[in-house]
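Residue numbering restarts at 1 for every chain, and letters A, B, ... go by the order of the sequence lines. Every value quoted in this text rests on a predicted model; they were computed, and no experiment measured them.
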Amino acid sequence: MKSKLRSIIDNGGLVFNQNVKITQLGKSGRIQDALKVFEQMTNRNTVTWNSIISVCSKNGRISEARRLFEAMPRKNLVSWNTMLAGYLHNDRVVDAAQLFDEMPQRDLFSWTLMITCYTRNGELEKARYLFDQMPERRSPGCWNAMIAGYAKNGRVGEARILFDEMPVRDLVSWNSMLSGYTMNGEMGLALELFSRMEERDLVSWNLMVQGCVESGDMDSALDYFRGIPNPNVVSWVTIMSGYARVGRVVEARRVFDRMPERNVVSWNAMIAGYCQNFKIDEALKLFKEMPERNSASWTAMINGYVSVGKLDEAKELLDQMPYENVAAQTAMISGYVQNMNMNEARRIFDRIDTRDVVCWNSMIAGYVQCGKMDEAMSLFKQMPRRNLVTWNTMIAGYAQAGQMNEALEIFENMEERNRVTWNSLISGFNQNGLYLDALRHLASMGREGMKPDQSTFTPCLSACANLATLQMGKQIHHFAMKTGYSSDLFVANALITMYSKCGRVSSAEQVFKDIDGVDLISWNSMIAGYALNGYGKEAIELFNEMESKGLRPDQVTFVGVLSACSHAGLVDQGLRLFDSMIIDYSIDPLAEHYACMVDLLGRAGRVEEAYQLISKMPIKANAGTWGALLGACKMHRRLELGKLAAQKLFEFEPHKTSNYVLLSNMHAEAGRWQEVEKLRRLMKERKVDKQPGCSWVEVKNRVHSFISDDSTQPMTVEIFDTLQCITMHIRNTGYNPEIRLH
DNA sequence: CTAGGGTTAG
């Protein structure tokens with residue numbers, strides 16, 4: 001009797017010890033050893049099973065975890081929760097939801113786990129629904145999960161409402177809220193909250209350091225770091241990564257050397273820091289001498305080689321890895337993707353046994369980058385589950401490929417969208433010339449409660465510029481001001497172009513003046529804006545100002561200033577600038593620059609010189625260049641040269657009606673009706689349609705469009721009367737416009 | 001053995 005009891009106690013102790021062993025092995029990633037211990041055990045209890053399930057799922061072996069879960073003789077509530085946690089760790093939201101439904105009973109852990117599943121997946125509405133459904137929520141745990149969920153998805157306001165509402169707050173609640181602020185760049189609010197905290201732990205302090213690091217403010221980060229009573233590894237690593245991130249890798253190394261204790265994360269962070277600063281040799285040195293490596297160490301190193309284009313070295317490292325790891329393999333895939341080598345990328349991808357969303361997404365991004373949308377779509381269909389990044393990548397891919405219908409179809413099939421989704425779609429519309437669609441979706445975005453940011457405003461303003469719709473442009477300007485994005489440089493530059501193209505040079509000037517820290521794009525936009533509106537002198541003055549400030553103009557700057565010269569008839573200035581571009585700035589002129597010069601000389605009647613310039617061009621002339629010559633020939637009635645220019649143009653743009661019409665009119669002016677007839681036949685042969693001209697004007701925020709010969713326009717008579725009137729005025733000022741009504 | 005806050009890699 002006595003010995004039997006003894007053996008039960010001993011056995012119990014043994015089981016307990018072995019359960020602990022399994023967990024420990026799992027934590028150090030030694031899953032094989034953990035499984036071996038489990039298999040060799042003769043008397044397992046429920047905790048044994050729960051432990052091994054936890055170990056498997058935390059090491060990515062989720063299907064094995066599920067098999068064990070099915071196989072275990074007796075399940076308790078912790079078993080169910082452990083399985084649920086397993087799905088959480090492996091981003092298997094759908095499976096988690098199913099398990100959650102099947103559970104015989106639920107406790108606080110179960111609910112909180114499921115809520116976290118949804119928030120991690122960005123499905124905040126579902127998470128919130130569960131949160132509201134919970135039968136019992138006095139403890140702060142579930143509140144904290146919900147707050148963190150909002151915080152991680154950038155919805156700090158909603159997080160704060162819950163934080164203020166909750167009945168009992170613990171330290172984790174405060175820290176969750178604090179992390180919401182620090183992770184979303186709200187350092188002012190973070191500081192306010194931090195100073196109100198009655199109790200702070202290392203997490204609170206580390207969050208403040210991290211927040212400063214994220215906003216690039218290393219001075220404040222260091223201040224907080226120094227204020228920490230007993231900094232731990234996390235604090236040290238945070239400050240070290242901060243230095244590495246802003247390029248101060250020497251200081252990062254000094255922090256690394258001074259760290260009182262180092263774990264594998266410290267080493268990894270230092271390696272990653274060196275890699276970010278392209279000091280691969282230093283990284284490799286550390287990698288070789290570090291006492292213990294995990295998958296992050298390998299991945300960081302592989303990624304380092306990839307970032308400097310040394311793919312062979314990266315591959316060698318990947319092959320040397322003692323075990324396979326998705327992240328490392330994905331880093332390698334990204335390397336091949338950068339080199340547009342989809343075959344090698346595919347080879348790596350095909351041999352990954354447990355593919356996660358990120359590696360699928362990387363492959364899809366690769367195909368997208370190569371313009372292979374069919375391949376991307378095929379993977380998209382095959383993958384077992386998709387996340388927001390997947391959907392957004394597909395939208396951006398189709399947009400880039402000019403397939404906006406497909407992009408829209410993806411968009412419409414999405415259950416959850418984020419700002420990136422909307423921005424991809426809107427900028428896709430803009431890039432493909434569907435300006436009205438871009439603006440329409442800006443409106444729907446607002447209706448769905450999604451706030452626009454700089455990446456929304458920029459394409460929308462560009463759409464307004466292309467439509468020359470001043471009213472809408474102004475509205476968006478106000479909207480951007482109200483939301484604090486009008487001072488964003490990209491937005492401001494887009495505003496300059498928008499106002500310029502709408503003919504409001506003074507508004508463009510105002511925006512330009514208000515920018516602090518203008519960049520090259522700002523200068524270029526303003527110069528082009530002057531040029532477009534015929535302000536030649538101002539364009540050149542701005543160009544001179546730019547030069548006097550020691551700024552280096554680029555190709556785009558010269559397109560602007562040269563076209564300004566041509567529009568304003570400043571021939572000598574233009575010629576001087578063209579020379580200066582080549583000699584002083586060593587910029588090889590593009591076809592666009594030649595087009596400006598041909599236009600400039602041509603308008604001034606120096607048609608022969610214009611032609612000489614084209615003949616001597618070291619690069620191939622484009623349609624713009626020949627078009628400028630044809631225009632000049634038309635203006636100065638140079639029929640023979642005009643014919644030549646037109647012939648060249650027909651090669652570039654065989655279906656562009658205006659070229660044919662221009663040449664035809666030249667023949668008509670010279671009374672060569674046979675040639676006119678010949679051209680007409682050629683157009684018929686080539687199926688060139690004479691498309692009706694279209695124009696539009698905006699009156700009181702409504703766009704009115706006009707098509708030539710359009711009798712449906714209700715005010716045709718008035719319009720023609722006004723047109724005649726304007727023509728008369730223009731004639732009186734000495735200009736003789738050529739008017740050919742339809 | 002299961003949840004909620006902070007560090008490294010894709």
* Structure fact -> Here the distance between atom C1' of B:dC1 and atom CG of A:N81, to the nearest Å, is 10 Å

* From the options B:dG6, B:dA9, B:dG10, select the nucleotide whose nearest atom is closest to the side chain of A:N325. => B:dA9

* Asked: Do the side chain of A:R44 and the main chain of A:W49 share a donor and acceptor less than 3.5 angstrom apart?
  -> no

* Asked: Base, sugar-phosphate, or nothing for A:N76, non-hydrogen atoms under 4.0 angstrom?
  -> nothing

* Asked: Is the NZ or CZ atom of A:R355 positioned over A:W360's six-membered ring, under 6.0 angstrom from the centre and within 45° of the axis?
  -> yes

* Among the candidates B:dC1, B:dG10, B:dG4, find the nucleotide nearest to the side-chain atoms of A:P140. => B:dG4

* Please state how far atom CD in A:E199 lies from atom C1' in B:dG5, giving the value in whole angstrom units. => 13 Å

Contacts under 3.5 angstrom, residues 84-91 of chain A side chains, donor-acceptor by atom type, not counting sequence neighbours:
| unit_1 | atom_1 | unit_2 | atom_2 | d |
| --- | --- | --- | --- | --- |
| A:Y87 | OH | A:R66 | NH1 | 3.2 |
| A:N90 | ND2 | A:S57 | O | 2.8 |
| A:N90 | ND2 | A:G86 | O | 2.8 |

* Asked: For A:F256, which residues count as a ring pair (Phe, Tyr, Trp, His ring centres under 6.0 Å) partner, sequence neighbours excluded?
  -> A:W267

* Establish, yes or no, whether the cationic atom of A:R106 lies under 6.0 Å from the six-membered ring centre of A:W111 and within 45° of the ring axis. => yes

* Asked: Checking side-chain contact (heavy atoms from CB on, under 4.5 Å) for the pair A:L202/A:I228: CA distance, chi angles, key distance, verdict?
  -> CA-CA 7 Å; A:L202 268 168; A:I228 305 177; 3.6 Å; yes

* Side chain of A:A148 (C-beta onward), nearest among B:dG6, B:dG4, B:dG10 -> B:dG4

* Atom-to-atom span, CZ of A:F287 to C1' of B:dA9 - whole angstrom -> 11 Å

* Spacing between A:R293 atom CZ and B:dT8 atom C1', to the nearest angstrom -> 16 Å

* Asked: Are OP1 or OP2 of B:dT2 and a side-chain N or O of A:K58 less than 4.0 angstrom apart?
  -> yes

* **Proximal nucleotide (of B:dA3, B:dT7, B:dA9) relative to the A:A272 side chain** => B:dA9

Please output the side-chain donor-acceptor pairs of residues 170-178 of chain A that fall under 3.5 Å, not counting sequence neighbours, one pair per line with the distance.
| unit_1 | atom_1 | unit_2 | atom_2 | d |
| --- | --- | --- | --- | --- |
| A:D170 | OD1 | A:N144 | ND2 | 3.3 |
| A:D170 | OD1 | A:V172 | N | 3.2 |
| A:D170 | OD1 | A:S173 | N | 3.0 |
| A:D170 | OD1 | A:S173 | OG | 2.8 |
| A:S173 | OG | A:N144 | OD1 | 2.8 |
| A:S173 | OG | A:D170 | N | 3.0 |
| A:S173 | OG | A:D170 | O | 3.3 |
| A:N175 | OD1 | A:S204 | OG | 2.8 |
| A:N175 | ND2 | A:D201 | OD1 | 3.2 |
| A:S176 | OG | A:V172 | O | 2.7 |

* **Atom pair distance, as rounded to whole Å: CE in A:M321 and P in B:dA9** => 15 Å

* Would you indicate, yes or no, if B:dA9 has its OP1 or OP2 atom less than 4.0 angstrom from a side-chain nitrogen or oxygen of A:S297? => no

* Asked: A:I302 has an atom CD1; how far is it from atom P of B:dT8, in whole Å?
  -> 19 Å

* Contacts of type ring pair (Phe, Tyr, Trp, His ring centres under 6.0 Å), residue A:Y243, not counting sequence neighbours -> none

* To do: Check whether any side-chain N or O of A:R245 sits under 4.0 Å from OP1 or OP2 of B:dT8, and answer yes or no.
  => yes

* Which part of the nucleic acid, if any, lies within contact of A:A85, taking any heavy atom under 4.0 Å across all strands shown: a base, the sugar-phosphate backbone alone, or nothing? -> sugar-phosphate

* Scan A:V264 against the nucleic acid and name what it touches under 4.0 Å (heavy atoms): base, sugar-phosphate only, or nothing. => nothing

* A:D132 atom CG, over 12 foreign heavy atoms within 6.0 Å -> yes

* Side chain of A:A296 (C-beta onward), nearest among B:dG6, B:dT8, B:dG4 -> B:dT8

* To do: I would like to know whether A:E158 and A:L162 meet side-chain contact (heavy atoms from CB on, under 4.5 Å); could you show each step before the answer?
  => CA-CA 7 Å; A:E158 282 146 297; A:L162 279 189; over 6 Å; no

* To do: Kindly indicate whether the side chain of A:D201 and the base of B:dG5 share any N or O donor-acceptor pair separated by less than 3.5 Å?
  => yes

* Nucleotide nearest A:S179 (side chain, heavy atoms from C-beta), chosen from B:dT8, B:dG6, B:dG4 -> B:dG6

* Round to the nearest Å and state the distance from A:I52 atom CD1 to B:dT2 atom P. => 13 Å

* Asked: Taking OP1 and OP2 of B:dT2, is either one under 4.0 Å from a side-chain nitrogen or oxygen of A:S54?
  -> yes

* To do: Using whole Å, report how far NE2 of A:H89 lies from C1' of B:dC1.
  => 12 Å

* Structure fact -> The nucleotide from B:dC1, B:dG10, B:dT8 with an atom nearest the side chain of A:S241 is B:dT8

* To do: Taking only heavy atoms on the protein side, list every residue of residues 162-176 of chain A lying under 4.0 Å from any atom of DNA chain B, sorted numerically.
  => A:D170, A:V172, A:N175, A:S176

* Asked: When you measure from the side chain of A:V358, which nucleotide among B:dG6, B:dG10, B:dC1 comes out closest?
  -> B:dG10

* What about A:D356: does its side chain form a donor-acceptor pair under 3.5 Å with the base of B:dG10? -> yes

* Asked: Does any residue of residues 95-123 of chain A have a heavy atom under 4.0 Å from DNA chain B, and if so, which ones, in number order?
  -> A:L108, A:F109, A:T112, A:L113, A:T116, A:R120

* To do: Give a yes or no answer on whether the side chain of A:S424 reaches the backbone of A:V420 with a donor-acceptor pair at less than 3.5 Å.
  => yes

